[in-house]
Amino acid sequence: MRQILVAGNWKLNGSRDSIEQLISGITAGVENTGDTQIAVCPPFVYIPLVAERLAGSKVAWGSQDISDQSAGAFTGEVAGAMLNDFNCKYAIVGHSERRSLYAEDDDFTARKFAAARKAGLIPILCVGETLQEREQGVTEAVVARQLDAVINLEGVAALGEAVIAYEPVWAIGTGKTASPQQAQDVHAFIRGKLAGLNVGVADKVQILYGGSVKGANAAELFAKADIDGGLIGGASLDAAEFLAICSAGA
Ligand code: PGA
């Protein structure tokens with residue numbers, strides 16, 4: 001039985017108070033989530049707080065981004081070893097907001113993926129097409145290109161120890177979820193592409209779906225053969241909603 005992973009991406013949200021409350025709400029209901037793996041990714045400055053509150057619980061934590069550099073004159077950056085100091089398990093790389101709003105391209109994303117691995121973190125590599133690309137029929141080509149940048153730099157085996165999040169850009173924060181079948185089709189494409197290179201990697205890699213996942217649609221998505229969980233934005237800011245999604249994977 002494959003294990004479902006539900007990761008919350010809090011983006012640029014929260015305060016000390018609201019995060020304390022969110023964590024209390026999540027930990028209070030976590031025993032009803034079966035063997036679903038759970039993680040939350042707060043803004044960098046709240047990682048120490050989250051690490052302290054979640055230590056010893058079944059909920060892991062990670063970062064929303066990571067520097068491609070390990071140390072030096074890189075103002076504003078946060079390195080993998082620093083995240084390691086606070087026991088982060090995951091680091092999201094290549095989120096579509098980083099790609100589109102901060103001009104982070106495939107090669108830069110691949111270097112961040114490498115930096116996460118070097119620090120012993122599990123990268124959550126986000127891939128996905130825009131609405132225009134979907135309408136042009138190039139979804140698979142876009143996702144393949146995004147994966148190839150990582151495969152060319154780190155080798156396909158590296159993906160066996162990573163998480164991939166398929167997040168169609170048109171479904172992020174829009175309330176427009178990809179249908180379970182639309183998501184499954186792309187997930188199957190990703191797994192098939194990896195299987196063509198290394199069957200073991202294709203079997204092992206967790207492929208999450210992200211884009212307007214909520215309690216009401218999570219079970220249907222997670223029931224698909226190649227959907228191994230979700231990367232959750234908006235709904236991860238509400239403890240009850242987030243727990244409902246986690247329970248849908250149980
Ligand atoms: P959403 O965001 O769940 O708010 O659509 C998902 C994401 O961007 O990771």
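We number each residue from 1, following the sequence as shown. Every number for a ligand or one of its atoms is a count from 1 in the order of the listing. Computed from a predicted model, the values in this text were never measured in an experiment.
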With respect to atom 5 (O) of ligand 1, which of Ala165, Gly173, Gly233 exhibits the smallest heavy-atom separation?
-> Gly173
Tell me yes or no: between the side chains of Thr177 and Asn217, is some donor less than 3.5 Å from an acceptor?
-> yes
Option passing side chain to side chain donor-acceptor pair (under 3.5 Å) with Asp185 (candidates His187, Gln182, Gln181) | Gln181
Atoms of ligand 1 close to Lys11 [distance to a heavy atom under 4.0 angstrom, numbered from 1] | 2 (O), 7 (C), 8 (O)
Could you list the atoms of ligand 1 found under 4.0 angstrom from a heavy atom of His95?
-> 7 (C), 8 (O), 9 (O)
Gly211: numbered ligand 1 atoms lying under 4.0 Å from its heavy atoms = 5 (O)
Measure the distance from atom 9 (O) of ligand 1 to every protein heavy atom, then report the residue, atom name and distance (to 0.1 Å) of the closest one.
-> Glu167 OE2, 2.7 Å
Numbered atoms of ligand 1 (with element) below 4.0 Å of Ala171, judged on heavy atoms = 5 (O)
With no hydrogens and no angle check, do the side chains of Gln136 and Glu129 hold a donor and an acceptor under 3.5 Å apart?
-> no
Taking non-hydrogen atoms only, is Asn9 closer than 4.0 angstrom to ligand 1 via side chain, backbone, both or neither?
-> side chain
Contact region, Cys126 to ligand 1, non-hydrogen atoms below 4.0 Å, reads neither
Is Arg134 reaching over with its side chain to a backbone N or O of Thr139, donor-acceptor style, under 3.5 angstrom?
-> no
Does Asp35 offer a backbone N or O that forms a donor-acceptor pair with the side chain of Gln3 under 3.5 Å?
-> yes
For Ser212, is at least one N or O under 3.5 Å away from an N or O on ligand 1?
-> yes
